[in-house]
Amino acid sequence: MKLKELLKGIKPLVIVGVTDIDITGVNIDSRKIQDGHLFVAMKGTQVDGHKFIAKAIELGAKAVLCEDMPEEKANGVSYVQVASTEEAVGPVSTLFYGNPSKKLKLVGVTGTNGKTTIATLLYNMFRKMGYKCGLLSTVCNFIEDEAIPADHTTPDPIELNMLLSRMVDAGCDYAFMECSSHAIAQKRIGGLTFAGGLFTNLTRDHLDYHKTFENYRDAKKAFFDMLPKTAFAITNADDKNGMYMVQNTKATVKTYSTRQMADFRARIIEMHFAGMYLNIDGREVGVQFIGKFNVSNLLAVYGAACMLGKQPEEILVTLSTLHSVSGRLEPIHSKEGTTAIVDYAHTPDALENVLNAIHEVLEGKGKVITVCGAGGNRDKGKRPLMAQEAVRQSDRVIITSDNPRFEEPQDIINDMLAGLNNQQMKKVISIADRKEAIKTACMMAEKGDVILIAGKGHEDYQEIKGVKHHFDDREVVREIFNVEK
């Protein structure tokens, strides 16, 4: 594609060189540059891509998109200066890959909790209905059956458009994706055309990046602000920020609720560890999920399917066949009658939701033992809150290591323990070794008890000092319980 074609979606400030040249690829990583590529110099949070312009040219870049024009310019290379490469890279990538999001129906899911569950269930539902689909999620990206490992909740704009283009080539009708606050704030989804967007809920998270709750909230809202009038916006009326998210959107707004009047409504008829019996918009359906928060997730899925033109009866029949997402309230039963629940809950609100779901099923007939930690090099403010929530709803709590990253595990544990008073500390022990912590919890449990192992869910690694070591909570539990997968 000609460079001049790629520039149609942006507003260059200065162009040095010719634009009637063929561009064979677009990249923000200078190490991946090949002959004929356009190198986009991004000012990242840790590295400034402008430092690698010369390296990119050495590897064959024929054009550079930048914010700061280099003093020395290479012969035969075109330079395009823009106000923000972060904003420009999305539209440029979209054009290079042929605007793939316009060739399928792309639905984005944002919020603090529930993004993975909702996006994955929509992907599984529409595939069961006979459609070809793609999925972009924290756990894994999929193009139909082909699994593509996910390094971030939302890929960078170039990878994102490449994946969407591959979905179009594979004949996909729909694509469902998580839209994280980082991705929205960093314009990773810029240039994409969405058929719809869903809002789950909003609680404290990622303040290490956004600094304030208001910044975090407004990053989420920006997603709905960018939706076109042809799209739908489905919001959680039970969340206090639900209507704030959609107050400026051009999209058609719909609401869902388990507590008040809304476009899509549900209530629980019956619940046990195998699932729930629900009434959704006047129709009864059995589902293989537990917890009131999962009722909200299923309502969002139901609402999105309705807005995508599917009939309620077909949606509910398919919904009844779906299973929970890997590492989300995933039960493992021992031969002795105890149950371990592995869940990704890594925020105070998520932990509260999972513990509520467990108590809703237990009805006081067993003890709850919670194993949890907090991630290193992330929002420190939520650490004591996590400990407080665990203690509030558990009979015993073991504070342990999560992904310490570049922090010392004991320092993180101490930050969590600092939120507890002397009375609360009587319920708590700390064991830095996560495997030993899980083993101890299993030894404490008796018949009818539930062990919640929170924080990592689907993850099969533990990140320590920049290295990902293999570690899977589910494998550890099965080994201790001596049960097969």
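Computed from a predicted model, the values in this text were never measured in an experiment. As a basis for the values below, the full set of heavy atoms in this structure was taken, side chains included, without hydrogen atoms, waters or symmetry mates.
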Exercise: do [X] and [Y] side chains pair donor with acceptor under 3.5 Å:
X      : Y      : result
Arg328 : His458 : yes
Asn294 : Thr117 : no
Asn99  : Thr94  : no
Asn248 : Lys221 : yes
Asn353 : Asn113 : no
Tyr131 : Lys105 : no
His323 : Gln288 : yes

Notebook entry, point to check: Val391 and Leu420: side chain to side chain contact (heavy atoms under 4.5 Å, CB included), yes or no, with the steps?
Noted result: CA-CA 9 Å; Val391 168; Leu420 306 176; 3.9 Å; yes
Check: Tell me, which pairs form a ring pair (Phe, Tyr, Trp, His ring centres under 6.0 Å) where one or both residues lie in residues 235-280, sequence neighbours left out?
Finding: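 Listed once each, the pairs are Phe264-Tyr302.
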Next item on the list: Identify whether the distance between the nearest side-chain nitrogen and carboxylate oxygen of Arg127 and Asp145 falls below 4.0 Å.
Entry: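 Looking at Arg127 and Asp145, the cut-off is met.
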Next item on the list: Answer yes or no: is there an ion pair linking Asp415 with Arg383, defined by an N-O contact shorter than 4.0 Å?
Entry: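 Looking at Arg383 together with Asp415, the answer is yes, because their closest N to O distance falls below 4.0 Å.
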Item checked: With Arg405 via side-chain contact (heavy atoms from CB on, under 4.5 Å) - residues at least two apart ->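 Asn377, Arg378, Asn403, Glu463.
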Next item on the list: Go through the structure and list residues passing side-chain contact (heavy atoms from CB on, under 4.5 Å) with Arg265, not counting sequence neighbours.
Entry: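 Met261, Ala262, Asp281.
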Using only atom types and a distance under 3.5 Å, with no angle test, would you say the side chain of [X] pairs donor to acceptor with the backbone of [Y]?
X      : Y      : answer
Asn141 : Ser137 : yes
Ser320 : Val285 : no
Glu178 : Gly108 : no
Lys485 : Glu475 : no
Gln388 : Leu385 : no

Margin query: Could you check whether Tyr344 and His346 have their ring centres less than 6.0 Å apart?
Written below: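 Judged by ring-centre distance (under 6.0 Å), His346 and Tyr344 do meet the cut-off.
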Next item on the list: Using the side chain to side chain contact (heavy atoms under 4.5 Å, CB included) rule, take His182 and Arg188 through it: C-alpha gap first, then chi angles, then the decisive distance, then the call.
Entry: CA-CA 8 Å; His182 289 74; Arg188 287 188 228 159; 3.6 Å; yes
Checklist line | Step-by-step side chain to side chain contact (heavy atoms under 4.5 Å, CB included) determination, Tyr216 to Leu202 | finding: CA-CA 9 Å; Tyr216 175 54; Leu202 200 70; 3.6 Å; yes
Check: Is it true that the NZ or CZ of Lys32 lies under 6.0 Å from the centre of Phe39's six-membered ring and within 45 degrees of the ring axis?
Finding: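 No.
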Checklist line | Trace of the side chain to side chain contact (heavy atoms under 4.5 Å, CB included) decision for Asp239 with Thr200 | finding: CA-CA 8 Å; Asp239 187 280; Thr200 61; over 6 Å; no
